[in-house]
Amino acid sequence: MAVKIKLKRLGKIRSPHYRIVVADSRTRRDGRAIEEIGLYHPVQNPSRIEVNSERAQYWLSVGAQPTEPVMAILKVTGDWQKFKGLPAPAPMLVAEPKDKRAAFEEFTKALEASEAKGEAITPKAKKSEKKDEAANAAESAESTEA
């Protein structure tokens with residue numbers, strides 16, 4: 001029996017969240033799992049990743065194969081490097097939440113400062129001028145043919 005460490009999808013259509021599970025490779029994606037070893041919530045800002053490192057190390061040591069998305073998560077948490085004996089990754093940087101109101105006010109001030117006060121840069125061509133230009137172009141084309 002091949003054992004995989006994979007993601008089990010939960011949540012609504014546009015707000016997915018996943019559980020990191022150990023399951024038989026023949027079971028369906030959201031089917032029965034042997035054990036749940038973590039959480040992954042990609043929609044939250046910043047993404048929420050929780051992995052029971054001890055259980056992940058155990059399952060990797062007995063031969064469970066992680067899927068590509070799970071391997072990426074394990075690399076971020078450092079469990080994959082720990083299993084392989086590689087140096088630990090740099091700690092994850094969490095961006096501080098910005099004040100949306102202040103950012104919007106800065107944007108509007110910059111927009112007001114950059115607005116040109118006056119007329120348009122390129123004047124609009126009138127329809128009658130366009131017709132005259134088209135007629136002149138047609139006349140010149142006829143004269144070159146003859």
Side-chain angles (χ1 to χ4, degrees), residues 1-134 136-138 140-141 144:
M1 175 172 92
V3 177
K4 293 251 185 202
I5 303 174
K6 57 187 179 178
L7 296 176
K8 178 178 182 178
R9 190 181 195 281
L10 303 166
K12 296 180 183 178
I13 292 176
R14 288 179 181 80
S15 63
H17 55 275
Y18 301 89
R19 290 191 182 150
I20 302 170
V21 298
V22 178
D24 182 4
S25 63
R26 296 170 290 186
T27 60
R28 60 183 187 264
R29 178 188 70 179
D30 302 334
R32 190 178 71 201
I34 298 170
E35 183 179 357
E36 293 179 0
I37 61 171
L39 299 172
Y40 174 52
H41 295 258
V43 178
Q44 289 182 357
N45 190 12
S47 297
R48 179 178 169 199
I49 300 174
E50 294 178 16
V51 178
N52 184 343
S53 183
E54 181 182 312
R55 296 307 295 163
Q57 294 300 318
Y58 168 76
W59 283 107
L60 290 170
S61 69
V62 295
Q65 296 297 313
T67 60
E68 287 183 24
V70 173
M71 187 178 295
I73 291 170
L74 293 176
K75 285 180 180 178
V76 167
T77 61
D79 291 319
W80 184 254
Q81 289 88 338
K82 189 175 181 182
F83 172 67
K84 288 292 189 179
L86 301 172
M92 290 189 291
L93 299 176
V94 178
E96 294 183 21
K98 292 184 178 180
D99 182 23
K100 291 182 181 179
R101 168 67 95 194
F104 177 73
E105 289 173 357
E106 288 177 22
F107 172 73
T108 54
K109 286 179 185 177
L111 186 62
E112 288 173 359
S114 68
E115 281 184 2
K117 306 277 193 258
E119 296 182 22
I121 297 171
T122 55
K124 271 189 168 178
K126 295 181 181 177
K127 290 183 180 179
S128 60
E129 291 176 5
K130 288 183 181 180
K131 288 180 184 176
D132 293 337
E133 290 176 12
N136 290 340
S140 64
T144 55

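The structure displayed is predicted, hence computed values, not measured ones.
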K.L.:
Show the nearest heavy-atom pair for residues Pro16 and Arg9, with the distance to one decimal.
P.N.:
CB-NH2, 3.3 Å
K.L.:
Taking atom CG of Asp30 and atom OH of Tyr18, what is their separation to the nearest 0.5 Å?
P.N.:
9.5 Å
K.L.:
Considering all heavy atoms of both residues, which atom of Arg55 and which atom of Ile37 are nearest to each other, and what is their separation?
P.N.:
CB-CG2, 3.8 Å
K.L.:
Determine whether Ile20 and Leu7 make a side-chain contact, defined as any pair of heavy atoms from C-beta on separated by less than 4.5 Å.
P.N.:
yes
K.L.:
Is the shortest heavy-atom distance from the side chain of Arg19 to the side chain of Leu39 under 4.5 Å?
P.N.:
yes
K.L.:
Work out which heavy atom in Lys6 is nearest to a heavy atom in Thr27; give both atom names and the distance.
P.N.:
NZ-O, 3.0 Å
K.L.:
Does the side chain of Tyr40 reach to within under 4.5 Å of the side chain of Val51, using non-hydrogen atoms?
P.N.:
no
K.L.:
How long is the straight-line distance from NZ of Lys4 back to CZ of Arg26, given to the nearest 0.5 Å?
P.N.:
12.5 Å
K.L.:
Scan for salt bridge (charged side-chain N to carboxylate O under 4.0 Å, His left out) pairs involving residues 42-52, sequence neighbours excluded, and state none if there are none.
P.N.:
Arg48-Glu50
K.L.:
Taking all non-hydrogen atoms of both residues into account, name the closest pair between Pro42 and His17 and its distance.
P.N.:
CD-CA, 4.3 Å
K.L.:
When the side chains of residues 66-78 are checked against the rest of the protein, which donor-acceptor pairs come out under 3.5 Å, sequence neighbours left out?
P.N.:
{"residue": "Thr77", "atom": "OG1", "partner": "Ile73", "partner atom": "O", "Å": "3.3"}
{"residue": "Thr77", "atom": "OG1", "partner": "Leu74", "partner atom": "O", "Å": "3.1"}
{"residue": "Thr77", "atom": "OG1", "partner": "Asp79", "partner atom": "OD2", "Å": "3.1"}

K.L.:
Would you say the side chain of Ser53 lies within less than 4.5 Å of the side chain of Gln57, judging by non-hydrogen atoms?
P.N.:
yes
K.L.:
Atom OG in Ser25, atom CD1 in Ile5: separation rounded to 0.5 Å?
P.N.:
12.5 Å
